[in-house]
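Here is the structure we will look at, set down as structure tokens.
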Amino acid sequence: MLPDLDWLTRLAAALLATGLLVLFLVRAIRKDRREYARFRRYRSTVRRQAMLRRWLIESLALFGGTAALVLLAVHPFVAPLLAETQALPPVAWLRDALTGGLGAGLLLGAVVGGTLLTVLGVRSARAEGGVIMVGDIASLLPRNRPELGWGAALSVNAGIVEEALFRLALPALLVIVTGEPLSAFVLAALVFGALHAYQGWLGVVATSVVGLLFTTLYVVSGSILLAMLVHVLFDLRTLVVIPMAVYRVHKVPGSVRFPRPLALAAQPEADA
């Protein structure tokens, strides 16, 4: 059970949570969108790699550092938050249903299904000359062999620090304010989606849904390491597997322009 807290502790948590949310959202709406608009115009691999390296360091420092500091303050709430969420009737029913052979079968089916969809998607993309993308992420795809390493590094970093922040630290902080576990997890997942504002509204919606799926995976499994692993693999699929399988960028030592990707919806140009 979550411990009882006095009003002063709740107020301090509310002020800290509000400050973090404002910092993250203002940064996403202003700084990230402006930098991504500039990054889209880069044609030099050197400049692109410099920006990718900068984003990696900033993500590790901001998200990883924030997660570590917040967890130091709220770590007594992490386990009770998870236990209370797992005790909710729908979650408890789902956990019971997935125990034993059914859960293993669904996991195997998800792995096989995801692999088949990826293979079919790659074949289709090669035939059509582009990849269907949800959100404005085409410019993020590595264009050549030197950039693939940064794509892999960004994927691994995101899977670790973002899960630590948005599935562990931030929900544990928010539950002190809300006093209710489900709202804390959902709000943290929505903030995760909002931080992808540079991808346009469709990207925000898509990443919010993905964030909720990662949250569900963590709550149902009880393993943050599993959520981190799935997050890393998800990002590697986008930033490493697709560029290699569809565009053969691992064979390109220099720079290459991608064909225009197929789009599910037109994305407005980000403000410079």
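Below, all heavy atoms of this structure are taken into account, side chains as well, without hydrogens, waters or symmetry copies. Residues: numbered from 1 along the sequence shown.
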Determine all donor-acceptor pairs shorter than 3.5 Å in which one atom belongs to a side chain in residues 75-83; sequence neighbours excluded.
unit_1	atom_1	unit_2	atom_2	d
His75	ND1	Leu71	O	3.4
His75	ND1	Leu72	O	3.1

Table please: side-chain donor-acceptor pairs of residues 11-26 below 3.5 Å, with sequence neighbours left out.
unit_1	atom_1	unit_2	atom_2	d
Thr18	OG1	Ala14	O	2.7

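Rounded to the nearest 0.5 angstrom, Asn144 CG and Arg48 CZ are separated by 7.5 Å. To the nearest 0.5 angstrom, Arg34 atom CZ is 6.5 Å from Arg30 atom CZ. Considering CG of Asp136 and CZ of Arg33, their distance stands at 10.0 Å, rounded to 0.5 Å. Distance NE2/His231 to CG/Leu236: 10.0 Å, rounded to 0.5 Å. Rounded to the nearest 0.5 Å, atoms OG (Ser155) and CD1 (Ile160) are 11.0 Å apart. Separating the CD atom in Gln86 from the CG atom in Leu94 is a distance of 10.5 Å, to the nearest 0.5 Å.
With hydrogens and angles ignored, the 3.5 Å screen pairs a side-chain donor or acceptor of Arg10 with a backbone N or O of Ile176.
In this structure, Pro181 and Thr85 approach most closely via the heavy-atom pair CB-OG1, 3.2 Å. The shortest heavy-atom contact between Ala67 and Ala169 is O-CB, 3.8 Å. Tyr218 and Ala227 make their closest contact through CB-CB, 4.2 Å (heavy atoms, listed as atom of the first residue, atom of the second, distance).
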Worksheet item: Lys31 and Glu58: side chain to side chain contact (heavy atoms under 4.5 Å, CB included), yes or no, with the steps?
Response: CA-CA 12 Å; Lys31 181 178 181 295; Glu58 288 183 352; 2.9 Å; yes

Fill in: Phe192/Ser208 under side chain to side chain contact (heavy atoms under 4.5 Å, CB included): CA gap, chis, key distance, verdict
CA-CA 6 Å; Phe192 169 77; Ser208 296; over 6 Å; no

Practice prompt. In sequence, state the C-alpha distance, the side-chain angles, and the governing distance for Ile224 and Glu163, and then conclude on side chain to side chain contact (heavy atoms under 4.5 Å, CB included).
Written response: CA-CA 7 Å; Ile224 191 62; Glu163 290 305 301; 4.2 Å; yes

Fill in: Worked check of side chain to side chain contact (heavy atoms under 4.5 Å, CB included) between Phe234 and Phe214
CA-CA 11 Å; Phe234 185 87; Phe214 289 153; 4.2 Å; yes

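Cluster annotation: Ile29 is not connected to Phe39 through the hydrophobic network of ILVMFWY side chains, with a link wherever side-chain heavy atoms come within less than 4.5 Å. Linking Ile, Leu, Val, Met, Phe, Trp and Tyr residues whenever their side-chain heavy atoms come within less than 4.5 Å leaves Leu217 and Val219 in two separate clusters. Following chains of ILVMFWY side-chain contacts shorter than 4.5 Å, one cannot reach Leu213 starting from Val204, and the two form parts of different hydrophobic clusters. Hydrophobic clustering (side-chain heavy atoms under 4.5 Å, transitive across Ile, Leu, Val, Met, Phe, Trp, Tyr) keeps Leu226 apart from Leu168. By the criterion of side-chain heavy atoms lying less than 4.5 angstrom apart, applied directly or through intervening Ile, Leu, Val, Met, Phe, Trp or Tyr residues, Leu182 is not grouped with Val177; the two fall into different hydrophobic clusters.
Side-chain contact between Phe63 and Asn157: absent, with no pair of heavy atoms (C-beta onward) separated by less than 4.5 Å. Side-chain atoms of Arg38 and Met51, non-hydrogen and from C-beta on, do get closer than 4.5 Å to each other. By the 4.5 Å heavy-atom criterion applied to side chains, Leu148 and His250 are counted as neighbours. When side chains are defined from C-beta on, Tyr198 counts as touching Leu140, because their heavy atoms get closer than 4.5 Å. Taking 4.5 Å as the limit, every side-chain heavy atom of Trp150 sits out of range of all side-chain heavy atoms of Pro142. Contact check for Val249 versus Glu147: no side-chain heavy atoms found under the 4.5 Å cut-off.
Judged by the 6.0 Å and 45° rule, Arg143 forms no cation-pi pair with Tyr42.
Using a cutoff of 4.0 Å between basic side-chain nitrogens and carboxylate oxygens, Glu35 and Arg27 are not scored as salt-bridged.
Checking Val161, Thr215, Leu195 one by one against Phe166, the side chain to side chain contact (heavy atoms under 4.5 Å, CB included) holds for a single residue, Leu195.
A donor-acceptor contact closer than 3.5 angstrom is absent between the side chains of Asp235 and Thr238.
The ring-ring contact (aromatic ring centres under 6.0 Å, His included) search around Phe185 returns none, not counting sequence neighbours.
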